[in-house]
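Please read the structure below before turning to the comments.
Residue numbering restarts at 1 for every chain, and letters A, B, ... go by the order of the sequence lines. Values below: every heavy atom of this structure, side chains too, minus hydrogens, waters and symmetry copies.
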Number of protein chains: 2
Amino acid sequence: MAATIRDVARRAGVSVSTASLALNGKPLVSPKTRQKVLQAARELNYHPNAVAKSLADGRTRTLALFIPVTLEHLFSSAGFFGRLLQGMHRAALERGHHLSLHIVESEEEAAEQIRTLLRSRRADGLILTNPTVDPPYLPALKEAEIPVVFLGRPLGDWPHVNPVDHVDNDNVEVGRLGVQHLAEKGHERIALLNGPSRFTFCLDRLEGYRQGLRERGLPYDEALVWTSDMTEEHAYTTVLSALEGGLEFTALLATSDIQAVGALRALRELGLRAPDDVAVLAVNNTALTRYYVPPIAAIDLHEERLGYEAVQLLLRRLSFPDPSCSNDPNDARKARTGKHVRVPCTLVPRASCGCSSV
Amino acid sequence: MAATIRDVARRAGVSVSTASLALNGKPLVSPKTRQKVLQAARELNYHPNAVAKSLADGRTRTLALFIPVTLEHLFSSAGFFGRLLQGMHRAALERGHHLSLHIVESEEEAAEQIRTLLRSRRADGLILTNPTVDPPYLPALKEAEIPVVFLGRPLGDWPHVNPVDHVDNDNVEVGRLGVQHLAEKGHERIALLNGPSRFTFCLDRLEGYRQGLRERGLPYDEALVWTSDMTEEHAYTTVLSALEGGLEFTALLATSDIQAVGALRALRELGLRAPDDVAVLAVNNTALTRYYVPPIAAIDLHEERLGYEAVQLLLRRLSFPDPSCSNDPNDARKARTGKHVRVPCTLVPRASCGCSSV
DNA sequence: GCTCGAGATCGAACCGGTTCGATCAAGAAC
DNA sequence: GTTCTTGATCGAACCGGTTCGATCTCGAGC
């Protein structure tokens, strides 16, 4: 069996409490005693039991990550998901924390799992991806008063969960950047293939799209804004039917890699080629955009960074526990306003927008 | 604060031990008492603390999953990774277990993390992906004597870790199936673009490839077997240089989606088209193969099932603890021979092999 | 030489469950 | 009526840490 702290104490000839203090680097032990204890620990190959530690100090050092499968694009977008997790894991590891993974079919299932997770107190904090308006897990969060970080901007005021921290890209900037790039290449009729408006990133990108047009002095034409699910098939049919009337346009900004692929299929079927007839720019720089024929220009969202920042934010919140109990008005104010981290985006030009032959 | 079992006991007017028995459905309590306890628990909104439970019974109900980032293809293969996790999570959830995720840069880092994880006793079992020959984490596993399941066939006898359970596809069959399909369409000169031989699935697929040829009475030509890293770039250069000599062949089996894409780029550059000049078949049915132009026929490995079975296997092993301590020779034998689950594969025909226009 | 205080050490309680051996009550057997 | 058995219940110990308040030691100050 593995050595316990009592074994170490016995061997070092000190009490258990002294051994604990020494092992944790607390200042109250004499150097001599500390050495004895550390030596004994080494000899016994002692390593503290994480579960016992958690029970004693009430911290599991575990962060729970919830991902709804319904976010198809997260899963189908090649590599996106993996890079996200990679960043999260790195941040957690740096601070001695662990990631527990929860993949749910729906937000209802998320609510269910969050509830049982919190009741059994298996996590110190939660990371939730792409919340919709008033998601069903809100009461569970409220009940447990556990720190939460959202990946993506939550919509509305969320009076129950307080404060609301979140990490995302500046999606207005994503839309703006896309339009700017295409406009710079001389395009004046730029279509937007957007996703469902229940996703705040879609709302924001639309806003950025309009802003970009405005800055360029280009008119906003509603007929050029199409909405499809974040699947290849639906993007394909959406673009096909949008173009039935014979619209005039020379550039297309798609809000995901997968939708860009669907759009390209539709264009191809109508005899239109990228970039010659239509310049195409996607959001999400993945294997799909990189290896497509032609390679699809894409806005990189830096998923690894996104995940990293989300965990960092959560850990920071965990270091300032009980914000509502704080008496310092300064602390309270800080705590009350949710923190927000913005991760920059980068445009990767490729053949599909006429930028490069690569 | 949340109610504890002592609160429940007090309210129900019974002892803590009786409350525990009642709550866990143990047979020794009278129906009357059980009702009282359950009622009290309901009224207090009692939910047992998972950490305390773990400390008491020594089971964390956590399974740790290790994924080396170096398995580029897992990450770049669109969706593969997500589906794998999905299956694992489903199996774990069904049995009240949790998944903790560990993404490592190398097997050395894996060894390091496994060691600290096991020392702090944070997991009951491990899932390791694609072990190489004699990986550096072997001593750590041996030291802890913790149940392990491998995703992919481990190479060699692994005298230290006993028994070795693993889950994988029948990769010999994968190779065989690929060749058979292409041969059925009349191809006689079938090239194989394989991955590095440190991966056992590559060894097995090569074996299957040879077997398939043999069954069809086709000669094995070493010049038609190429090896590249599992990246698009390396696959591309490998195929380019392989074809410098002007080889004769009409079909190509690639051992990953990403390599198929690289191969197609090389072929295109040499003026060869799929499927007209060369029929192409890939392993890994992902967004990349599905949405490529032309769509790439692919062998689906059923990742979701792979993940599901891996967790199931691990949980089964956890139900028969201490196999080496068992005195029943029958048990011992069962325990000593590692269990092995094979997940079937399915061929999805698409345009690239000349099967379908979709 | 005695007092005082700071620093080191210790014992015990605690975190929230499970489990084992002892006790107790009730019904069966004689 | 006494003894034996069986099932229900209980108290206490345990899992392996942390932490708090009490005690002990020793040197400084008077």
For residues 18-26 of chain A, which side-chain N or O atoms pair as donor and acceptor with protein atoms under 3.5 Å away, sequence neighbours left out?
from: A/T18; atom 1: OG1; to: A/S15; atom 2: OG; distance (Å): 3.0
from: A/N24; atom 1: ND2; to: A/S20; atom 2: O; distance (Å): 2.9

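- Checked against side chain to side chain contact (heavy atoms under 4.5 Å, CB included), B/R121 has the following partners two or more places apart in sequence or in another chain: A/A2, A/H47, A/N49.
- Taking each heavy atom of B/P147 and B/D124 in turn, the nearest pair found is CD-O, 3.5 Å.
- In the region residues 44-64 of chain A, proximity to DNA chain C at under 4.0 angstrom, judged on heavy atoms, holds for A/L55, A/A56.
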Task: B/S/- contact track for nucleotides 5-11 of chain D, protein heavy atom under 4.0 Å - done: ---SBBB
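- You'll find the side chain of A/D165 stays beyond 4.5 Å of the side chain of A/L314, heavy atoms only.
- In this structure, B/I67 and A/H89 have side chains that are not in contact, with every pair of non-hydrogen atoms separated by 4.5 Å or more.
- Atom NZ of B/K26 and atom P of C/dC20 are 9 Å apart (whole Å).
- Counted by atom type alone, A/Q39 and A/Q35 present zero donor-acceptor pairs between their side chains at under 3.5 Å.
- Here the shortest heavy-atom pairing between A/L306 and A/L151 reads O-CD1, 4.0 Å.
- For the pair B/S54 and A/V51, the tightest heavy-atom approach, listed with the atom from each and the gap, is CB-CG1, 3.7 Å.
- Between the C1' atom of C/dT18 and the CD1 atom of B/I5 lies a distance of 8 Å, rounded to the nearest Å.
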Identify every side-chain donor-acceptor pair in residues 94-101 of chain A under 3.5 Å, counting partners at least two apart or on other chains, and give the distances.
from: A/E94; atom 1: OE1; to: A/Y308; atom 2: OH; distance (Å): 2.7
from: A/E94; atom 1: OE2; to: A/Y308; atom 2: OH; distance (Å): 3.2
from: A/R95; atom 1: NH2; to: A/S319; atom 2: OG; distance (Å): 3.4
from: A/H98; atom 1: NE2; to: B/R122; atom 2: NE; distance (Å): 3.2
from: A/S100; atom 1: OG; to: A/H102; atom 2: NE2; distance (Å): 2.7

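- Contacts between residues 113-123 of chain A and DNA chain C, counted as heavy-atom distances below 4.0 Å, involve no residue at all.
- Nearest-nucleotide positions on DNA chain D place B/R6 closer to the 5' end than the other of A/N24 and B/R6.
- Put simply, the side chain of B/F150 reaches to within 4.5 Å of the side chain of B/V164, judged on heavy atoms.
- Close to C/dG17, at under 4.0 Å from its OP1 or OP2, lies no side-chain N or O of B/S20.
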